[in-house]
2 protein chains.
Amino acid sequence: MILNTPSNRRKRGAQPADIAAGLQSDIVSGTLTAGQVLQQDRIAAQFGVSRMPVREALALLAARGLVDLTANRSARVAALTREDLIDIFDLRVAAETLAIRLALPQITNAQIDRAAALQAQIKASDVARFATLNSQFHQVLYAPCARPRLIAHIAQLALAADRYLRAIHAVFDYGDKSNLEHHALLSACHARDEAAAVACLERHITAARDVLADRMAQQD
Amino acid sequence: MILNTPSNRRKRGAQPADIAAGLQSDIVSGTLTAGQVLQQDRIAAQFGVSRMPVREALALLAARGLVDLTANRSARVAALTREDLIDIFDLRVAAETLAIRLALPQITNAQIDRAAALQAQIKASDVARFATLNSQFHQVLYAPCARPRLIAHIAQLALAADRYLRAIHAVFDYGDKSNLEHHALLSACHARDEAAAVACLERHITAARDVLADRMAQQD
DNA sequence: ATATCAAGCATTGGATACAATTTACTTCTT
DNA sequence: AAGAAGTAAATTGTATCCAATGCTTGATAT
């Protein structure tokens with residue numbers, strides 16, 4: 001139980017963001033499962049605050065698509081469906097191929113090396129760290145495009161995608177394949193080969209989509 | 001001044017959405033200009049409610065990118081910049097070309113006719129109605145793809161784009177060109193020619209981007 | 001046995017009250 | 001006169017309180 005004692009109290013406008021971050025990590029990691037009710041009272045008690053900042057936190061999570069809000073009804077953790085999964089990954093292809101096209105002319109070798117270093121960590125990481133490191137790897141490559149909206153959109157999609165990755169436990173199935181694809185992407189970036197990078201990225205994301213979609217079809 | 005008398009009071013959870021809709025139309029139409037401060041007290045008084053639903057409304061608008069929120073500081077109407085404009089329109093190309101590709105195999109002739117009817121109205125409409133009709137025209141063509149996230153994302157981008165359209169008053173410059181492009185798009189849809197529709201849409205949105213970006217460069 | 005309705009309980013939405021932070025203004029110093 | 005510092009006013013963030021809505025349970029009728 002996290003209490004709001006004077007020692008660990010955050011600055012005045014930071015509580016909703018903190019609560020949202022806490023809930024978000026529980027939702028993405030699967031501690032809070034799809035469809036679970038999120039009562040304002042209980043969350044408020046958990047974080048040692050009143051219901052007011054909790055309501056704002058839930059609104060933030062609803063904007064990120066992690067929570068479903070209905071008027072006069074308890075909030076619920078958003079559902080995971082095969083249709084939504086496909087929706088997310090197709091949006092990722094559209095957004096991330098745009099980002100890599102815009103980023104490639106601006107990217108430096110140092111930035112590519114940073115991505116390569118992250119990829120090295122990914123190889124020797126467990127399931128929990130895979131998702132975040134994988135997101136970081138991609139975002140390092142896109143950052144040079146300097147498009148705030150595009151970057152924010154990709155980050156939001158990565159969050160939604162991570163939920164599926166963690167929930168479906170398909171990481172091991174396509175982990176090796178993903179590593180190979182990351183290396184191919186890095187090569188294309190080094191060569192500043194836009195067409196190759198775009199094609200590589202599209203295959204990479206589509207492959208993940210198909211593996212996960214197949215797994216979901218089995219589980220249902 | 002809109003009062004919250006029993007006669008026009010909305011249902012219990014609807015106030016934030018109503019307030020957000022009111023503010024949104026003022027922001028998009030330009031009644032509220034970029035950078036303008038939005039004090040919770042005043043808005044609450046205007047709508048005849050307390051500050052609480054106003055805060056939620058502002059949070060909604062912040063999620064849509066129409067308002068900037070900073071902790072302990074007054075909300076402000078989001079700025080209009082040339083960089084953001086380009087960001088938005090490039091995202092539109094990525095999202096809308098995906099939508100038309102997914103929609104084309106599903107679309108019916110009746111739906112295409114509905115879009116054509118909207119296009120006819122656009123020709124004989126003033127500046128204020130152009131933006132909304134134009135958005136509707138596009139969304140009718142995309143709807144058959146049946147992708148909730150994609151559709152919502154496009155709607156949000158259309159909103160952001162409308163602000164620039166109305167603020168920059170460049171509608172008349174490219175209105176005729178836009179009409180021609182809409183007809184070309186409709187033809188491609190009738191023929192179920194995916195490549196033509198995508199190319200047409202990309203040119204259409206990019207052309208609008210360039211006209212508006214040029215105008216902004218002049219105004220600054 | 002099942003469906004329907006009512007009453008009480010649980011939970012959310014909104015108003016009011018208070019605390020913390022920022023902004024504006026005044027005053028003092030150089 | 002310009003700038004710094006301090007103080008008061010304005011404004012936001014959080015807590016508490018009340019009203020409205022939804023949910024659950026149990027009784028009743030079919």
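Note that the coordinates shown come from a computational prediction; the quantities given were computed from them, not determined experimentally. In the text below, chain A, chain B and the rest are named by the order of the sequence lines, each starting its count at 1.
Closest non-hydrogen pair, B:Ala59 versus B:Leu69, comes out as CA-CD1, 4.1 Å.
Within the 4.5 Å cutoff, the side chain of B:Leu141 has no heavy atoms near those of the B:Gln111 side chain. With a 4.5 Å cut-off on side-chain heavy atoms, B:Val54 and B:Phe47 do not count as touching. A:Ile107 is not listed as a side-chain neighbour of A:Tyr142, based on a closest heavy-atom distance of 4.5 Å or more.
Nearest-nucleotide mapping onto DNA chain D: of A:Met52 and A:Gly13, the residue sitting toward the 5' end is A:Gly13. Residue A:Glu56 is the one, among A:Asn72 and A:Glu56, whose nearest nucleotide of DNA chain D lies closer to the 5' end (criterion: closest heavy atom).
Within the structure, every side-chain polar atom (N or O) of A:Arg12 is placed at least 4.0 Å from both OP1 and OP2 of D:dT14. Residue B:Ser74 places no side-chain N or O under 4.0 Å from the OP1 or OP2 atom of C:dT22. The phosphate of C:dG14 (OP1 or OP2) has a side-chain N or O of B:Gln15 nearer than 4.0 angstrom. The shortest distance between the side-chain N/O atoms of B:Gln40 and the OP1/OP2 oxygens of D:dA10 is not below 4.0 Å. Distances shorter than 4.0 Å separate some side-chain N or O of A:Gln39 from OP1 or OP2 on C:dT11.
Atom CG in B:Leu58 sits about 13 Å away from atom C1' in D:dG13, given to the nearest Å. What separates CZ of A:Phe47 from C1' of D:dT14 is a distance of 16 Å, to the nearest Å. For the pair B:Asp41 CG and D:dA9 C1', the interatomic distance rounds to 13 Å; values are reported in whole Å. Atom-to-atom, CZ of B:Arg55 to P of D:dA15 comes out at 11 Å; the value is rounded to the nearest Å.
At a cut-off of 3.5 angstrom, the base of D:dG13 holds no donor-acceptor pair with the side chain of B:Arg73.
Nearest nucleotide to the B:Arg51 side chain, out of C:dG13, D:dT14, D:dG13: D:dG13.
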